[in-house]
S.K.: 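Once you've had a glance at the structure underneath, I'll fire off some questions.
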Amino acid sequence: MAYQKSLLAVVVALAMAGCQDDAKQTQQPQADAQQGAPAALTVADAKTFVTDAEKELTQLYKEANRAEWIYANFITEDTASLAADVNEKLTARIVALASQAARFDALELDPVTRRKLDKLKLSLVLPAPQDEAKTAELAKITADLSGMYGKGKFELDGKELTLRDMELMMAEQRDPELLKTIWSGWREVAKPMKPLYEREVALANEGAKALGYQDLGQYWRAKYDMEPDAFATELDRLWGQVKPLYDALHCHVRAKLGEQYGEEVVPQDKPIPAHLLGNMWAQSWGNIYPLVAPGAADPGYDLTEQLKAHGYTPKKMVKGAENFFTSLGFEPLPDTFWSRSLFTQPRDRDVVCHASAWDLDGQDDIRIKMCIQQTGEEFSVIHHELGHNFYQRAYKNQPVLFQDSANDGFHEAIGDTIALSVTPKYLKEIGLIDEVPPADKDLGLLMKQALDKVAFLPFGLLVDQWRWKVFSGEVSPENYNQAWWELREKYQGVTAPVERAADAFDPGAKYHVPGNTPYSRYFLAHILQFQFHKALCEKAGDQGPVHRCSIYGSEAAGKPLAQMLEMGASQPWPEALAVTTGSKQMDATAILDYFAPLKDWLDEQNQGRQCGW
């Protein structure tokens, strides 16, 4: 789920006329009046620039967040226009400040000032070229791509289907020919995006080079406190750790799909056809759980029914999640959280119901926005969203440029780490169930988790692998689609269900590509959440299997967690990681520990099967 950053939000570098006049808003070294040449930059200039930028951004973020909140909670043409105006103003300033920050690259600075300048310089997603016309062109392309995706529809049997309609059909339908039609239909929406995306890459690469980077991919990878190429190598190392678990899951799922659809549809020695995995992008497979579930895996309770039986209203569900954090030693949420958050869908207006956590002022005005349903899944989501909120409040005393997570994977990982503690043990402790089911009932719960979290890992990795190759020129436009499916098959063992034309643009069928959202953060979050969970369970003194552990009630676990959250982005992420885990290296083996009983079961099921592709 999402969180709304108050600071350094993911920003696309939009056009702005006259951004050469930024000296009017941010102090810069004065030109020599006689010669017309700029004065040499000094350490004092850098410090003054950072101080002025932080002061200006603090106010701009407040304005932008309030406008965005109003728009998300009162959707009208007017609120949309107001939010767009404020965000354009904010974006223009961040583009300008990032460009100005690069002027101090050659100076020897103290670590804090250097880190703040780097945060500013790397705060963009698509750095604009240093050319007004090209900057305007880039802005129009990004808007056009977003609009093409958002307006995308497909007609089936005379009925116009939205993406949401098609997603529900992919999740629920089991007719392979119908699924193939829907799958192919959505990808027709992406095909016209290709020439626009090609031009967008060229313009953003030009912007990245102006900031001192070889291409946009190197610029993105530079955000992770390590050499850009070393970051790519690190992702591959982590993937290598978890690949055996994924391979076992893939083998079992393919076999069960072969039983469902026939081996002529799902060959047992080839990649799985992508349209049969219950998801438009085959990125998570939870919707096909009934087809692949272990026998007799029912845990013996239905959390949704238990919530209803115990009178858990939406607000009581949030109170319950708050109690989780206070049991770790965190302060209760401020009164304004309860008076300003949105918990249920209003009857009198349109709102954005997608669950999200908000920090409006970089201090204590934190909120969630959800149209809460009384379900077990939503109960976990609430714990996840409050994880964002408690993170946001924890780093409120950091300077504005450090009010963020240690890297962009940490924020999502923290929310998911907390959700991993919503275990039967926890549910019993808070009185929602009477008994913890026996260990032999764990397989169903683990399989559900694996179909979402383990199945996602290779997809989480390959999206940016493809983009980095595109940005560097290794993959040329005529090979966009071919390279995409080569990576899908290599990492996921998934293949297109129909022949794909050379001029297709299937990457554009995934929002994050036309929407220009870096994707490595999601892969990192899926790794880190298990590493955090295991380390915190150890600090809590839990001696049982890690998948059964909940850190609820453990201040011993809460203390190092709070310490890490309070650091925000003030230190390189390995320093923050070490506070909680004792290690400065990300480690995916915690996932193997968590899913160990499922892996044993999968290995038994896969005996005699031909695994791999």
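Quick caveat: nothing in here was measured; it's all calculated off a predicted structure.
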S.K.: Decide if the gap between the ring center of Tyr246 and the ring center of Trp239 is smaller than 6.0 angstrom.
M.R.: yes
S.K.: Can Thr589 and Asp587 be counted as having a side-chain donor-acceptor contact under 3.5 angstrom?
M.R.: yes
S.K.: Would you say that more than 12 heavy atoms from the other residues, nucleotides or ligands in this model lie under 6.0 Å from the NZ of Lys89, or not?
M.R.: no
S.K.: Is any side-chain N of the basic residue among Asp408 and Lys223 closer than 4.0 Å to the acidic one's carboxylate O?
M.R.: no
S.K.: Does atom OH (Tyr289) have a neighbourhood of more than 12 heavy atoms from anything else shown, all under 6.0 Å?
M.R.: yes
S.K.: In Å, rounded to the nearest 0.5 Å, how long is the span from CG of Leu303 to CD of Glu378?
M.R.: 11.5 Å
S.K.: Atom CG in Leu524, atom OH in Tyr224: separation rounded to 0.5 Å?
M.R.: 5.5 Å
S.K.: Scan for disulfide (SG to SG under 2.5 Å) pairs involving residues 317-382, sequence neighbours excluded, and state none if there are none.
M.R.: Cys353-Cys371
S.K.: Quick check: Phe459 with Tyr522 (ring centres under 6.0 Å apart)?
M.R.: no
S.K.: With a 4.0 Å cut-off on N to O distance, would you call Asp365 and Lys396 a salt bridge?
M.R.: no
S.K.: How far apart are the C-alpha atoms of Ser554 and Lys539, what are their side-chain angles, what is the distance that settles it, and do they pass the side chain to side chain contact (heavy atoms under 4.5 Å, CB included) test?
M.R.: CA-CA 8 Å; Ser554 173; Lys539 293 182 185 303; over 6 Å; no
S.K.: Strictly by modelled atom types, are Thr162 and Asp165 linked by a side-chain donor-acceptor pair under 3.5 Å?
M.R.: yes
S.K.: Quick one: is the NZ or CZ of Lys453 closer than 6.0 Å to the six-membered ring centre of Phe456, and within 45° of its axis?
M.R.: no
S.K.: Do the side-chain N and O atoms of Glu68 and Asn65 include a donor-acceptor pair separated by under 3.5 angstrom?
M.R.: no
S.K.: State plainly whether the residues Asp110 and Lys47 are in salt-bridge range, i.e. N to O under 4.0 Å.
M.R.: yes
S.K.: Apply salt bridge (Lys or Arg N to Asp or Glu O under 4.0 Å) to residues Glu575 and Lys584 and explain how you reach the verdict.
M.R.: CA-CA 6 Å; Glu575 301 296 329; Lys584 294 184 179 181; 3.1 Å; yes
S.K.: Cut-off 3.5 Å, no hydrogens considered: what does the side-chain donor-acceptor table look like for residues 417-424, sequence neighbours left out?
M.R.:
unit_1 : atom_1 : unit_2 : atom_2 : d
Thr417 : OG1    : Ala413 : O      : 2.7
Thr417 : OG1    : Gln529 : O      : 3.4
Ser421 : OG     : Ile551 : N      : 3.1
Thr423 : OG1    : Tyr426 : N      : 3.4

S.K.: On a heavy-atom basis, which atom in Asp464 and which in Pro518 lie closest, and how many Å separate them?
M.R.: OD2-C, 3.9 Å
S.K.: Quick one: side chain to side chain donor-acceptor pair (under 3.5 Å) partners of Tyr594, sequence neighbours excluded?
M.R.: Gln449
